[in-house]
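Worksheet for the structure shown next.
First listed ligand is number 1; within each ligand, the first listed atom is number 1.
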Amino acid sequence: MRGRRHVESPADDAAGLAAVARSASITFREAGVVRGGRALLAVNQRGGFECPSCAWPDPDPRHRAEFCEEGAKAVAWEATRRSIGSVFFAAHSIDALLQHDDHWLESQGRIAEPLIAEPDDDHYRPITWDDAYDRIAGALGDLEDPDQAVFYTSGRTSNEAAFLYQLLARRLGTNNLPDCSNMCHESSGVALTQTLGVGKGSVSLEDIASYADLIVLVGQNPGTNHPRMLTTLERAKDRGARIVAINPLPEAGLRRFRNPQRVRGIVGRGTPIADLFLPVRVGGDLALFQWVNRTLVERDERSGGRVLDHEFIDRYCSGFAEAAAHWRRLDPTNLAEQCGLDEHLVRRFVDLVVAARAVTLCWAMGITQHRNAVPTIREFVNFLLLRGNLGRPGAGACPVRGHSNVQGDRTMGITHRPTEEFLARLEDEFGVTMPRRPGLDVVEAIKAMEEGRIRFFMGMGGNFVLAAPDTKRTARALSRCDLTVHVATKLNRTHLQRGRTSLLLPALARSDRDEIDGVQQAVTVEDSMGVIHLSTGRLTPVSPLLRSEVAIVAGIGERLFGRDDAIPWRELGRDTRRIRERIGRVVPGFAGAEEKLAAGSFVFPHPVRDERRFPTSDGRAHFTVNEAVALDVPPGHLLLQTVRAHGQFNTTIYDYDDEYRGIRGDRHVVFVHPDDLYDLGITPGQRVTVTSIWTDGERRLPGMVVVPYPTARGCAAAYFPEANVLVPLTSTALESNTPTSKSVVVRLEPESA
Ligand SMILES: Nc1nc2c(c(=O)[nH]1)N[C@H]1C(S)=C(S)[C@@H](COP(=O)(O)OP(=O)(O)OC[C@H]3O[C@@H](n4cnc5c(=O)[nH]c(N)nc54)[C@H](O)[C@@H]3O)O[C@H]1N2
Ligand SMILES: Nc1nc2c(c(=O)[nH]1)N[C@H]1C(S)=C(S)[C@@H](COP(=O)(O)OP(=O)(O)OC[C@H]3O[C@@H](n4cnc5c(=O)[nH]c(N)nc54)[C@H](O)[C@@H]3O)O[C@H]1N2
Ligand SMILES: [Mo]
């Protein structure tokens, strides 16, 4: 609970049975013992539902309790018996609701009925589903141009709902399908497609658990965000694999881990995770990997060609000579300064790399949300290519995905830049012309709303206003739309920053039973490693008025395009198997899904992983020459990154604690190195206003409490989404346009007592 702020020394180990038991007890409190128990036993089991939390894959065979502390929290949060409907909204005006914080808003329970707020309404009030569909079809039908509509997607949406949703947008005539990926792993997709020809990770769970000799974790906090990954890492360690962690923060899960699913794990101090920890400066990874790659090439030359995999490079790659020449030109002193690391640490890292037959490189938001994100990931690929660490057991690239189906949504066509091949297949399947004009991503969509070019916004899940950068600016932009439509499970701030008219449509969640004509509807999701699982909700919905995302999209489609449309909306909306048949004819690798799923899960083909084939323009993997674009951090300023606490899932705040970092009862804190605090003349515990500077001016976040913390020098950290007000809309990553949520230039100004 929110209470007195309390700062403890950070934990140096993660997880453990006690933590899972504590989360299970939250599940029981929210959902009741029977409902909660049924929910937890069905998570990630065959015949059950896929965990709605992160995208880390399930091991095969599955453990009897294949969920983690964070998964239990996520399930509890959606399985709650509390709900809100007309009575609640009659009692609370929209303005009054805006005064509450994000934890409070979602804590009120599941949204139980469709609601509307019109221009003169102070409150949301009930509306029937039919009327809601009429409103939406009416608003879409009124547009002068389909590109005046924006269809946003968060990553919990099932494959079936996502496929139907992109079909709705494209049938209307727009590719305006921004999604949470734009703020997440877009940089990974861009860099991997350029260099390897496939935008997805190239390893399987088995590669990490059983074959990798060295696992490198860069810019990722698995203890909090992918706790089940720690179990995989522990298995790898047990057979002698080494782990290197690269992070400006000494995260608990990178150091020690107590496995709740093993008896030995419950007692004792747990398994040390990282063999080597590199406290890189925020944004310093490109320089670090250039340094490493340069060192590998140097050692190769000195050893007569025994360090690099020349056979692989000659046979499969292009661009090696240019890249090597570039590395030779770089100045190591300069690189050391940029990444803030001592040479001896880098040397030890290179030693481990050279000793390893198979290296897997994992990364997440600590890499993708920087100005140089795409060049940095291309440099990761260089690193892997140098020793042939692609397309063989235990070796490869592993962008660790966030939302449980964010990867699947992309596979289903949720993207503002679809390929010609995908559009042509859709046209073949449905006999309808698809739009070719590229759509808007998240940042472009916000700018277009600001300029009055967007009249309609629909959010399939998510919390657009809080997840996007520049909270105030984004909220203002959204409110310029004529109609905003939110398909959601729980109330959040985006629903309150409404357009002229706003609809709030309550969806079934993944744990909810969805039965149509006596047939249990199942959906599918794709995990971080391209494995497709079936997911069947088990719990009785909190209200009979909830509808599945599939049914909602189909309902809108039918109302808009009629019963006789080339796309049989009604038929598709009533049976997810019919949607899977269609997906099977559009998405390569999905054909025959029904039969394959009856036998278990199945894996999408991946040419790099499966055949060492690189489907780039020239059929080769590309070495690249990457230049860092330096960010100017003036004297007296720090580079701020925004991170997740242990008690949240993105903008969903479960509680105010971040136990691994020793913070209790408050999220308005900023972590700074003690020596930086000394230099800045700021005392620990002091209240400051954090001001970010950018080309378009300053942004301020008052009331932040300073916590001295062992982060890299010159860096700071604060929590997402509270700190999003500081992230400038126009500061985005090169080539991927991802907001630079992990590199915000700030100064701290003490507030008077
Ligand atoms: N429980 C829980 N699980 C989640 C989520 C959640 O909110 N809660 N969110 C889900 C989603 S959508 C996503 S995308 C993932 C996010 O998973 P993560 O990427 O682990 O999430 P962040 O908290 O953003 O952590 C980023 C990490 O990168 C480090 N970092 C920051 N800047 C740099 C840098 O310049 N270099 C390096 N090397 N490291 C850096 C930070 O110190 C931090 O440890 O988790 C998913 N899983
Ligand atoms: N500063 C900063 N900003 C960031 C990040 C960061 O690290 N720093 N991370 C970015 C990343 S990685 C991501 S992925 C985005 C996340 O952006 P989003 O995906 O937009 O945000 P979430 O917080 O995951 O969305 C939570 C809401 O989803 C709804 N919801 C939950 N489950 C369901 C469901 O089953 N169906 C439907 N229809 N709705 C559901 C609930 O109403 C809930 O309030 O944020 C990005 N923003
Ligand atoms: Mo994400």
List ligand 1 atoms under 4.0 Å from [X], heavy atoms only on the residue side.
X	result
Val280	36 (N), 37 (C), 38 (N)
Cys54	47 (N)
His226	15 (C), 17 (O), 45 (O), 46 (C)
Thr224	1 (N), 2 (C), 3 (N)
Val218	38 (N)
Cys184	14 (S)
His403	12 (S)
Gly402	10 (C), 11 (C), 12 (S), 13 (C), 14 (S), 15 (C), 46 (C)

> Backbone or side chain, does any N or O of Thr651 fall under 3.5 Å from an N or O of ligand 2?
Replying inline: yes

> So is there a nitrogen or oxygen of Val727 less than 3.5 Å from a nitrogen or oxygen in ligand 2?
Replying inline: no

Report, in ascending order of atom number, the atoms of ligand 2 lying under 4.0 Å from any heavy atom of [X].
X	answer
Ser154	18 (P), 19 (O)
Asn724	1 (N), 2 (C), 3 (N)
Ala488	38 (N), 39 (N), 42 (O)
Gly461	37 (C), 38 (N), 39 (N)
Tyr152	17 (O), 18 (P), 19 (O), 20 (O)
Ser741	1 (N), 2 (C), 3 (N), 8 (N)
Asn492	27 (C), 42 (O), 43 (C), 44 (O)

> Could you walk me through whether Met365 and Ser741 pass the side chain to side chain contact (heavy atoms under 4.5 Å, CB included) check?
Replying inline: CA-CA 9 Å; Met365 295 305 102; Ser741 310; over 6 Å; no

>> On a heavy-atom basis, I'd like to know which of Glu722, Gln369, Glu549 is closest to atom 5 (C) of ligand 2.
In response: Gln369

> To which of Met183, Arg401, Arg156, Lys742 does the heavy atom nearest atom 24 (O) of ligand 1 belong?
Replying inline: Lys742

>> Can you tell me how far apart CZ (Phe277) and CG (Leu345) are? Round to the nearest 0.5 Å.
In response: 10.0 Å

>> What I want to find out is whether Glu186 reaches Arg410 closely enough, with some N-O distance under 4.0 Å, to be called a salt bridge.
In response: yes

> Do the ring planes of Phe89 and Tyr124 sit parallel (below 30°), tilted (30 to 60°) or perpendicular (above 60°)?
Replying inline: perpendicular

>> Tyr719 vs Phe671, test: ring pair (Phe, Tyr, Trp, His ring centres under 6.0 Å). Steps then yes/no.
In response: CA-CA 10 Å; Tyr719 294 126; Phe671 300 94; 5.8 Å; yes

>> We want to know whether Ser511 and Glu78 form a side-chain donor-acceptor pair, criterion being a heavy-atom distance below 3.5 angstrom.
In response: yes

> Does His486 come within less than 4.0 Å of ligand 2, judged by its heavy atoms?
Replying inline: no

>> I'd like to know whether the aromatic ring centres of Phe649 and Tyr654 sit less than 6.0 Å apart in this structure.
In response: no

>> Pairs of nitrogen or oxygen atoms closer than 3.5 Å, one from Ser53 and one from ligand 1: do any exist?
In response: no

